[in-house]
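All figures in this text were calculated on a predicted structure; none of them were measured in a lab.
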Amino acid sequence: MEVDAATSAIQTPAKHLLPELEIYCYLLVLLFLIDQKKYSEAKACSSASIVWLKNINRRTVDVIASRLYFYYSYSYELMGDLAEIRGNLLALHRIATLRHDELGQETLLNLLLRNYLHYNLYDQAEKLRSKAPRFEAHSNQQFCRYLFYLGKIRTIQLEYTDAKESLLQAARKAPVAARGFRIQCNKWAVIVRLLLGEIPERTVFMQKGMEKALRPYFELTNAVRIGDLELFRNIADKFATTFNADRTHNLIVRLRHNVIRTGLRNISISYSRISLADVAKKLRLNSASPVADAESIVSKAIRDGAIDATLDHANGWMVSKETGDIYSTNEPQLAFNSRIAFCLNMHNEAVRALRFPPNTHKEKESAEKRRERQQQEQELAKHIAEEDDDDF
């Protein structure tokens, strides 16, 4: 009888598994389906797991749940149905906020930003980002993703300085193994730096494993540096497919003005006086009235301070002023200020990123030990007072 009872107890399956174990099984099945390219089954599996996960409020499942959120969105993205889960992601983010699940909030906020940016809804993404609760980052990977999405939003909103800082910080903080992510960060950072009037260093394009992917942007940078509008057009047409796939084509259209301004600056340095017709020819302005276009471009560049010259409207000339000593201007001061600000910012980020273990080795003092310590202190103070009286 005892043997039969033991055998039946072994054969009877457990009625209730641990929630952590069930979520982990869901995650393994989902990964297997995605690896086997069974995206429709993966979509159904992820939806079922999220429905079950909503009813669990345990801090021990937060880490696995954050991974499940990611693959839930990824399975729908592979099927091209990201818009369907936007409301569900917002509900999950609200639940994570109420439960104080900060890792889940980070993951879901990035998934929502990715969802909005996938459909070019930059204004809605910025509204969500600005109103979402902020706290100290718990995952370096999620923080890198957040900086990348923030850089993209800032770039579209013409806030190039903030976008550059976010993109470069995301590229620096990203793990070395995340090569694809770092390539995307560098692509956007190169475009933003070109829009700011900066020329990225050659070492940016020669990073190990990134030379081929960054080749179109290297040639684009070369065209902007030279100021050759015709070369810029040819490169934009040659790599149009790549730029469209990277979603940077609209930003490259904005670079046309920078190319013209760079070419005009080179002309201003080379010639003390040149006719507007020759300016239009050197800039390769293909328009109905190139001289009038050249005149308006030169006027705007003079007004913005891009070149130090004057316009002779009567004779149709651009007269450049003599180039002075650059060290007598504020440019060296501005360059040093930007470098010092960068170093100070990096130092502050490093200090904030320090992690200290909790004081678990220090046991809390009990009431009895506190009374004993206070009694010993009083006795010691009394003894010292008596010795002082004897000496007196």
Side-chain angles (χ1 to χ4, degrees), residues 147-148 150-173 185-207 214 217-218 220-229 232 248 251-272 279 283 296-311 318-353:
L147 289 173
F148 176 61
L150 178 60
K152 293 178 72 173
I153 294 171
R154 291 285 184 261
T155 303
I156 298 299
Q157 293 179 339
L158 306 180
E159 300 176 8
Y160 297 134
T161 304
D162 295 339
K164 172 190 168 185
E165 293 179 1
S166 298
L167 292 169
L168 291 179
Q169 190 176 0
R172 288 197 306 269
K173 287 180 174 291
C185 290
N186 280 291
K187 286 180 179 179
W188 279 76
V190 166
I191 297 295
V192 170
R193 293 183 67 180
L194 291 176
L195 288 169
L196 283 170
E198 303 176 5
I199 302 298
E201 300 81 6
R202 183 180 288 267
T203 54
V204 173
F205 306 97
M206 299 302 165
Q207 299 180 60
L214 295 178
Y217 294 87
F218 174 72
L220 186 72
T221 301
N222 189 40
V224 175
R225 181 181 61 83
I226 296 173
D228 191 337
L229 190 59
F232 174 78
T248 55
L251 300 176
I252 290 170
V253 172
R254 299 182 190 177
L255 281 174
R256 180 179 181 275
H257 180 68
N258 294 57
V259 176
I260 293 175
R261 178 170 292 189
T262 303
L264 190 60
R265 190 182 298 113
N266 294 337
I267 293 172
S268 174
I269 295 173
S270 302
Y271 297 92
S272 60
V279 170
L283 292 178
S296 64
I297 290 170
V298 172
S299 301
K300 189 174 186 305
I302 293 173
R303 184 192 64 188
D304 296 342
I307 59 174
D308 191 8
T310 57
L311 263 178
M318 182 186 76
V319 182
S320 302
K321 296 181 181 179
E322 293 184 3
T323 305
D325 184 11
I326 192 172
Y327 290 99
S328 63
T329 64
N330 292 331
E331 288 192 19
Q333 179 184 355
L334 295 174
F336 279 117
N337 181 59
S338 63
R339 294 178 184 179
I340 293 171
F342 173 78
C343 293
L344 290 175
N345 186 32
M346 181 179 293
H347 173 265
N348 294 335
E349 290 175 3
V351 171
R352 283 196 297 267

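- Heavy atoms only, all atoms of each residue included: Arg193 and Ile199 are closest at NH2-O, 4.2 Å.
- Partners of Gln333 by side-chain hydrogen bond (donor to acceptor under 3.5 Å, both in side chains), not counting sequence neighbours: none found.
- Within the 4.5 Å cutoff, side-chain heavy atoms of Leu251 are placed close to those of Thr155.
- Interatomic distance, Arg172 CZ to Met346 CE, rounded to the nearest 0.5 Å: 4.5 Å.
- Atoms CG and CD1, on Leu194 and Ile252 in that order, are 9.0 Å from each other to the nearest 0.5 Å.
- Taken to the nearest 0.5 Å, the CG atom of Asp162 stands 11.0 Å off from the CG atom of Leu167.
- Between Phe148 and Ala170, the closest heavy-atom pair is N-CB, 4.0 Å.
- Contact annotation: the side chain of Leu220 never approaches that of Val190 to less than 4.5 Å [non-hydrogen atoms, C-beta and beyond].
- Shortest non-hydrogen contact noted between Val192 and Tyr160 is CG1-O, 3.3 Å.
- Between Asn186 and Tyr217 the shortest side-chain heavy-atom distance does not fall below 4.5 Å.
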Candidate pair Ile226 and Phe232, rule side chain to side chain contact (heavy atoms under 4.5 Å, CB included), full reasoning: CA-CA 9 Å; Ile226 296 173; Phe232 174 78; over 6 Å; no
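- Residues Arg254 and Ile156 come closest through the heavy atom pair NH2-O, 3.5 Å.
- Applying the side-chain hydrogen bond (donor to acceptor under 3.5 Å, both in side chains) test to Glu159 and every residue at least two apart in sequence or in another chain returns Arg154.
- Across all their heavy atoms, Phe218 and Arg202 have their closest contact at CZ-NH1, 3.3 Å.
- Of all the heavy atoms in Val204 and Leu214, the pair that sits closest is O-CD1, 3.5 Å.
- Remark: the backbone N or O of Ala163 is not paired with any side-chain donor or acceptor of Ser166 at under 3.5 angstrom.
- For the atom pair CG (Leu195) and CG (Leu158), the distance works out to 9.0 Å, reported to the nearest 0.5 Å.
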Go through the steps to decide whether Lys164 and Thr161 satisfy the test side chain to side chain contact (heavy atoms under 4.5 Å, CB included), and finish with yes or no. CA-CA 5 Å; Lys164 172 190 168 185; Thr161 304; 5.9 Å; no
